[in-house]
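Lettering follows sequence order; numbering is per chain, from 1.
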Amino acid sequence: MIEQALLAMQLSDLPDLALQMLEASKTTLAVFFLTLLFGLPLGLLVCAGRMSKIPVIRYPIQLFLLIMRGTPLILQLFFFYYLPYYIVGATLPRFWAAIVAFALNYAAYFAEIYRGGIESMPKGQYEAAAVLGFSRGQTFFKIILPQVIKRILPPMSNEFMTLVKDTSLAQVIGVAELFRLATSTSTRVFSTVPLVVAGVFYLVMNTIVAKGFSIAEKKLDYYR
Amino acid sequence: MSILSVKELYKNFGKLQVLQGIDLQVEDGEIVSIIGSSGSGKSTLLRCINRLETVDRGTITLDGDVMVREEGGKAVYSDAATLKAIRLKTGLVFQNFNLFPHYSVLRNITEAPVCVAGVSPEEAKERALQLLDQLGLKDRADAYPYQLSGGQAQRVSIARALALNPKILFFDEPTSALDPELTGEVLKVIRNLAKMHMTMVIVTHEMAFAGEVSDRMIFMDKGVIVENGTPQEVFASTNPRTQSFLGKFHQSAL
């Protein structure tokens with residue numbers, strides 16, 4: 001009897017739950033987009049450092065890449081949230097600590113994807129650009145990067161989709177995003193329905209990401 | 001005055017001595033072909049002149065501008081402005097074309113004039129279409145490199161080099177990636193350029209073509225110039241190294 005009452009209550013609460021989740025998704029999306037906003041350009045810088053011929057630049061970057069890719073993101077979240085407290089006696093706001101951790105972590109993965117793309121470019125492209133008088137900057141941004149973007153779309157779509165799901169980790173330092181709402185609601189109403197609904201939310205977001213990438217791939221299909 | 005002057009040029013790759021004291025002059029309007037077996041250093045020479053490799057020692061002068069000179073046994077390159085000026089006076093056509101796959105044929109040709117030489121887009125386009133017409137590719141302006149045959153791709157890359165109005169054009173085995181039929185297309189284009197008195201230095205394995213089109217032929221072996229004369233002189237040479245190389249060529253021609 002009690003179980004039935006709870007279930008009935010939940011069903012009537014479903015629209016309300018969906019609204020709350022939509023609200024919490026805003027935070028999830030903010031983590032997603034801010035991570036990309038900072039992580040994508042930062043990754044390019046890290047990649048440049050990783051490919052640098054100067055050991056003093058290359059070795060620290062290699063160490064950075066090892067640590068960021070070699071330790072759990074969940075641990076890095078705690079680290080960037082609590083570390084400032086031990087240094088300056090105050091923490092970053094939870095949300096921004098999460099953005100720092102995500103941006104640095106994803107920049108490491110992006111950097112290696114960029115590097116893979118850049119190193120797959122034939123030497124002849126650089127040489128052709130050089131004999132035509134293009135500067136190094138022009139060569140990279142006009143000739144190399146556009147071709148690299150086309151080549152790295154498939155691994156990038158992996159990272160973007162993983163990021164959508166990884167945003168749920170931000171809850172460990174108390175960021176009120178979608179997954180945190182789902183688990184807390186689930187505990188409160190003794191039901192797994194909120195978790196399933198959250199799953200649907202993530203799936204919808206990633207469907208959009210996947211669609212976006214397939215559109216981008218089609219758009220760049222005009223050359224080989 | 002020579003348009004290209006190379007003096008005492010040395011280049012090593014580690015312990016491997018690739019160029020061992022090359023002296024070479026090319027006059028305005030002259031067509032010089034460089035022959036020799038693989039590993040003789042002929043491609044490296046071309047790459048040094050086009051600054052795709054840095055030289056160890058020696059002097060290179062192009063159209064009066066010094067690219068690199070020797071000081072105290074070391075190669076010293078000129079300042080960036082001089083090097084850029086030299087760039088715009090020279091063109092290089094590669095064996096593998098190296099077209100930019102993400103640009104249309106037209107943009108492959110116009111990009112450098114617009115972005116490097118500062119030509120207006122309209123003017124660059126007009127010149128590009130004129131070049132394409134001249135090279136029999138008028139209808140391919142909007143195609144992308146992957147849609148071209150090898151012969152067409154090489155002709156586009158020649159047009160791309162010509163778009164900067166170079167004073168001297170270098171070819172690094174321009175037909176080695178092509179089958180005999182497509183080779184003919186490209187050789188025809190080079191012949192036409194020869195008729196227009198374009199100064200050209202051509203590294204090639206097409207011996208018959210080299211003999212027919214060049215004013216001068218150079219035979220390189222093991223990093224040195226062995227022969228430097230008219231095609232008749234080189235083909236009639238009594239030097240054993242030259243004879244041995246040309247002997248192989250005559251045999252394969254049979």
> Is Y222(A) close to chain B through its backbone or its side chain, or both, or neither, when contacts mean heavy atoms under 4.5 Å?
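Both parts, heavy atoms under 4.5 Å.
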> Partners of S120(A) by side-chain hydrogen bond (donor to acceptor under 3.5 Å, both in side chains), sequence neighbours excluded?
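Partners of S120(A) by the side-chain hydrogen bond (donor to acceptor under 3.5 Å, both in side chains) criterion, ordered by chain and then number, come out as R151(A).
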> Please report the shortest heavy-atom distance between L181(A) and A24(A), naming the atom on each side.
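In terms of heavy atoms, the two residues are closest at CD2-CB, 3.9 Å.
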> Which residues in residues 24-55 of chain B have any heavy atom lying under 4.5 Å from a heavy atom of chain A?
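Near chain A, by residue number: R47(B), N50(B), L52(B).
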> Need one label for L83(B): side chain, backbone, both or neither, based on atoms under 4.5 Å from any heavy atom in chain A.
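It is neither, since no heavy atom gets under 4.5 Å.
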> Quick one: what part of Q147(B) sits under 4.5 Å from any heavy atom of chain A, side chain, backbone, both or neither?
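Neither part.
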> Give a yes or no on whether a salt bridge exists between R69(A) and E112(A), defined as a side-chain N under 4.0 angstrom from a carboxylate O.
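E112(A) and R69(A): salt-bridged.
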> On a heavy-atom basis, which atom in F160(A) and which in V209(A) lie closest, and how many Å separate them?
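Scanning both residues completely, I find the closest heavy atoms to be CB-CG1, 3.8 Å.
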> Sort out for me which of F100(B), Y144(B), Y103(B), F94(B) touches chain A most, counting heavy-atom pairs under 4.5 Å.
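When all of F100(B), Y144(B), Y103(B), F94(B) are compared, F100(B) has the most.
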> Under 4.5 Å from any heavy atom of chain B, what part of K123(A) do you find: side chain, backbone, both or neither?
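Just its side chain gets close to chain B.
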> Looking at the rings of Y223(A) and Y146(B), which for Trp means the six-membered one, are their centres under 6.0 Å apart?
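No.
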> What part of Q138(A) gets within 4.5 angstrom of chain B, counting heavy atoms only: side chain, backbone, both, or neither?
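Side chain of Q138(A) only, per the 4.5 Å heavy-atom cut-off to chain B.
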> Run the side-chain hydrogen bond (donor to acceptor under 3.5 Å, both in side chains) test on Q76(A) and N105(A) for me, step by step, so that the C-alpha distance in whole Å, both residues' side-chain angles and the decisive distance to 0.1 Å come before the verdict.
CA-CA 8 Å; Q76(A) 292 166 19; N105(A) 181 277; 2.9 Å; yes
> So which heavy atom on K167(B) is nearest to which on I3(B), and how close?
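Closest heavy-atom pair between K167(B) and I3(B): CB-CD1, 3.5 Å.
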> Can you name the nearest heavy-atom pair linking A170(A) to F102(A), along with the distance?
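Taking A170(A) first and F102(A) second, the nearest heavy atoms are CB-CE1, 4.0 Å.
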> Between K74(B) and D56(B) (salt bridge meaning N to carboxylate O under 4.0 Å), is one present in this structure?
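Result for this pair is no, no salt bridge flagged.
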